[in-house]
Amino acid sequence: MRAKCRGIFHFLSVSFLCQALLAPASAQPDSSPPDLWKLANDPAQAHRFSTLFCAQDVRDYLSSESGLDTALQWCKRTGVTKVYIEVFRDGYRAEQKALENAKKRFLSEGFVVSGCVTTTRVGKPSTGWSDVASCYTDPATQTNLQAVFEYAASLFDEIMIDDFWFENCACPDCDRARRARTVTIGARSFPVSGDSWKDYRCELMTQLSRERLLAPAKRVNPKARLIIKYPQWYEDFQDRGYEVARETADFDRIWVGTETRDYTDRHWGGTVQYEAYFIMRWLGGIGGPKCGGGWFDSLGTTERTYIEQARQTVLGGAGESMLFSYGSLQQEPGPKDILALRGNVPELLAVAKEVRSRAILGLAAYKPVNSYPKDEQRVFDFVGMMGVPLVPCHEFPSDAPAAFFSVHALKDPQFAAKLSAFIKTGKPVLLTDGLSRSLANQSGLNLNAPNVRILPLKHDPKSLLQLGQQELDELRAPLLRPLNTAFRAPNRVGLYLFQDGSWVVENFADEKITVELNGKPLTVAGRGWTYQWK
Ligand SMILES: [Zn+2]
């Protein structure tokens with residue numbers, strides 16, 4: 001999928017978008033461009049839109065012919081060409097007849113059809129989030145779980161698992177097993193490497209995935225392929241038993257939560273837009289060809305933030321955007337979001353094709369698997385908002401032209417030596433102040449070298465959003481030099497570079513801005529993006 005253009009630059013397309021794309025829903029006619037279904041089915045597309053019918057949606061929307069007709073039309077008008085029809089959620093198992101009929105109907109209309117399971121209310125309630133999560137140490141819960149996956153595999157060859165496949169129970173049974181350092185599944189037991197909750201939960205979820213999901217599903221249906229969808233909250237994966245190294249190796253495919261929502265939303269807010277790009281690329285690097293796509297929803301969004309989620313998913317290199325979910329998208333703000341999305345689908349597909357045929361360029365951003373943020377929570381997302389182009393990675397980026405390091409890197413036991421060697425190459429290095437403090441007494445490590453810059457987080461990564469343009473321009477200049485790029489821009493602007501010289505600039509602020517890229521002024525609409533492919 002990687003194509004590099006080494007000859008004379010060809011300007012394939014240049015687009016300066018205006019606010020028109022994000023016009024209020026009321027200003028648009030209540031119909032979508034008629035050709036989205038045809039466009040989306042073009043075999044040359046590099047990206048696909050899909051949606052999920054939750055188990056309750058199967059009951060409420062897909063159990064009658066008229067409900068099926070409405071759903072099919074909605075999908076076609078949205079350019080959705082793949083559907084996931086869910087078998088189980090919140091203790092409810094969808095009716096076999098309804099599932100089979102819906103599957104048959106969608107297949108006959110030319111859709112790709114897969115199944116889904118959401119592991120909520122599977123059995124004994126967890127002591128954490130007891131209304132949805134379960135205690136997976138409990139033998140009866142383990143048995144229920146297996147039955148759900150056997151049922152799903154009897155109906156579908158591909159099964160997505162929504163991001164509730166975690167463990168946060170700390171009941172006496174779990175605590176006893178943790179202290180005994182033993183995971184027990186049926187008659188089998190598995191040793192645990194340590195006695196922390198992280199150690200126990202990661203081992204429990206890894207072994208349960210093998211014993212109660214993957215093996216039984218493939219026994220029932222040898223063609224069954226299971227997809228683990230990782231949540232958007234990447235800093236907490238290991239504490240709740242999401243073990244992205246072993247689970248990615250074990251599962252057939254992975255999916256990525258890119259539901260950043262609205263930063264200022266009272267209930268769902270606090271996550272900046274760049275996070276979707278960061279996690280998509282980081283897990284994309286871990287999963288390689290197993291990484292199928294991103295997944296976002298309309299909770300706590302406006303049309304603008306909904307479209308931003310779609311753009312970041314596409315810029316993250318995803319091959320698919322899963323729109324969660326048909327039922328929830330019928331509730332506010334879903335209909336407005338979908339109307340806005342339909343207006344953007346042709347462009348998103350076109351950009352996806354360009355993105356997926358190119359390799360990205362930027363500062364390596366090193367987050368080892370199972371690494372802890374300490375007080376640098378999600379710092380990568382905020383650095384990306386500063387117009388610093390990142391290339392997320394999970395292994396030390398020895399060959400990168402420039403790199404950003406945070407306390408996450410301390411998970412790597414050889415980090416200090418590797419960093420020392422990297423600094424000696426003279427390539428630009430950006431370090432957080434927290435990491436610099438942690439490394440202060442390392443012998444042989446010269447943090448005062450001229451190519452090293454310290455980024456002051458002051459224990460609060462969010463404070464980076466307050467940095468002014470002058471500070472940012474000065475900070476970026478030496479970091480971007482080996483990328484043959486110069487960029488002057490205010491905060492809350494994303495810069496995405498590609499190895500062939502192509503670029504994307506996305507403005508996350510409401511106001512129109514003028515930035516300077518490689519000496520040329522560039523105007524970008526509020527909440528707009530602009531790009532150039534070479
Ligand atoms: Zn428990």
Side-chain angles (χ1 to χ4, degrees), residues 274 277-278 281-282 285 359-369 371-461 463-465 467 470-489 491 493-499:
Y274 194 85
Y277 167 86
F278 177 79
R281 289 282 178 188
W282 185 68
I360 55 171
L361 178 72
L363 274 74
Y366 180 35
K367 177 178 159 53
V369 167
S371 56
Y372 281 98
K374 299 184 182 165
D375 58 1
E376 298 184 353
Q377 278 273 352
R378 302 191 287 183
V379 63
F380 308 101
D381 314 346
F382 295 100
V383 172
M385 297 295 282
M386 292 159 41
V388 176
L390 299 182
V391 178
C393 59
H394 64 287
E395 285 168 349
F396 188 88
S398 307
D399 299 331
F404 164 64
F405 297 106
S406 58
V407 296
H408 298 79
L410 295 168
K411 173 77 181 170
D412 178 344
Q414 275 90 47
F415 176 65
K418 292 174 183 172
L419 176 65
S420 180
F422 194 95
I423 291 171
K424 282 177 188 157
T425 64
K427 295 189 274 197
V429 176
L430 181 66
L431 289 185
T432 62
D433 51 357
L435 181 60
S436 146
R437 280 193 300 274
S438 299
L439 295 171
N441 299 319
Q442 290 280 341
S443 63
L445 184 61
N446 181 13
L447 297 183
N448 296 316
N451 54 323
V452 176
R453 295 221 150 202
I454 307 299
L455 181 66
L457 305 184
K458 301 169 192 148
H459 309 283
D460 181 18
S463 66
L464 293 176
L465 290 174
L467 294 178
Q470 196 180 341
E471 275 171 285
L472 292 176
D473 288 349
E474 284 169 12
L475 182 81
R476 276 188 228 105
L479 300 173
L480 300 188
R481 206 163 288 136
L483 312 177
N484 297 316
T485 301
F487 190 53
R488 302 172 74 84
N491 216 316
V493 175
L495 175 65
Y496 310 81
L497 301 176
F498 298 86
Q499 289 188 1

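Below 30°, between 30° and 60°, or above 60°: for Tyr274 and Tyr277 the angle between ring planes is between 30° and 60°, a tilted geometry.
Atom CG of Asp473 and atom CD of Glu471 lie 10.5 Å apart (nearest 0.5 Å). Here Leu472 contributes atom CG and Arg488 contributes atom CZ; the two are 11.0 Å apart, rounded to the nearest 0.5 Å. Taken to the nearest 0.5 Å, the NE2 atom of His459 stands 10.5 Å off from the OG1 atom of Thr432. Rounding to the nearest 0.5 Å gives a distance of 9.0 Å between CG of Asp375 and CG of Asp460.
Judged by distance alone, with hydrogens and angles left aside, the side-chain atoms of Asn451 form a donor-acceptor pair with the main-chain N or O of Ile423 at under 3.5 Å. Looking at Asp433, its side chain never comes within 3.5 Å of a backbone N or O of Ile454 through a donor-acceptor pair. Between the Ser420 side chain and the Gly444 main chain, a donor and an acceptor come within less than 3.5 Å of each other. A donor-acceptor pair under 3.5 Å is absent between the side-chain atoms of Glu376 and the main chain of Ser406, judged by distance alone. The main-chain N or O of Ala489 is found under 3.5 Å from a side-chain atom of Arg476 such that the two form a donor-acceptor pair. Proximity of a side-chain donor or acceptor of Ser463 to a complementary backbone N or O of Leu457 within less than 3.5 Å is detected.
Between Val407 and Val379 there is no side-chain heavy-atom pair separated by less than 4.5 Å. No side-chain heavy atom of Phe498 sits less than 4.5 Å from a side-chain heavy atom of Leu361. Between Leu447 and Gln442 the shortest side-chain heavy-atom distance does not fall below 4.5 Å. Phe405 has its side chain within reach of Phe415: a pair of non-hydrogen atoms, C-beta onward, lies under 4.5 Å apart. Two residues are said to be in side-chain contact when any heavy atoms from C-beta on lie closer than 4.5 Å; Leu431 and Leu419 meet this criterion.
Relative to the ring axis of Tyr372, Lys411 does not place its NZ or CZ within 45° and under 6.0 Å from the centre.
Of all non-hydrogen atoms in Leu467 and Asn491, the two that sit nearest each other are O-ND2, 3.0 Å. Between Pro478 and Pro428 the shortest heavy-atom distance is O-CG, 3.5 Å. A pairwise comparison of heavy atoms in Tyr366 and Ala409 identifies CD2-CB, 3.8 Å as the closest pair. Heavy-atom minimum distance, Val452 versus Asn446: CG2-O, 4.2 Å. For Trp282 against Lys367, the heavy-atom pair with the smallest separation is NE1-O, 2.7 Å. Shown here for Arg453 and Glu474, the closest heavy-atom pair between the two residues is NH1-O, 3.6 Å.
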N/O donor to acceptor pairs below 3.5 angstrom from side-chain atoms of residues 381-404, sequence neighbours left out:
{"residue": "Asp381", "atom": "OD1", "partner": "Tyr234", "partner atom": "OH", "Å": "2.8"}

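Annotation: salt bridge (charged side-chain N to carboxylate O under 4.0 Å, His left out) contacts of Lys418 (sequence neighbours excluded): Asp412.
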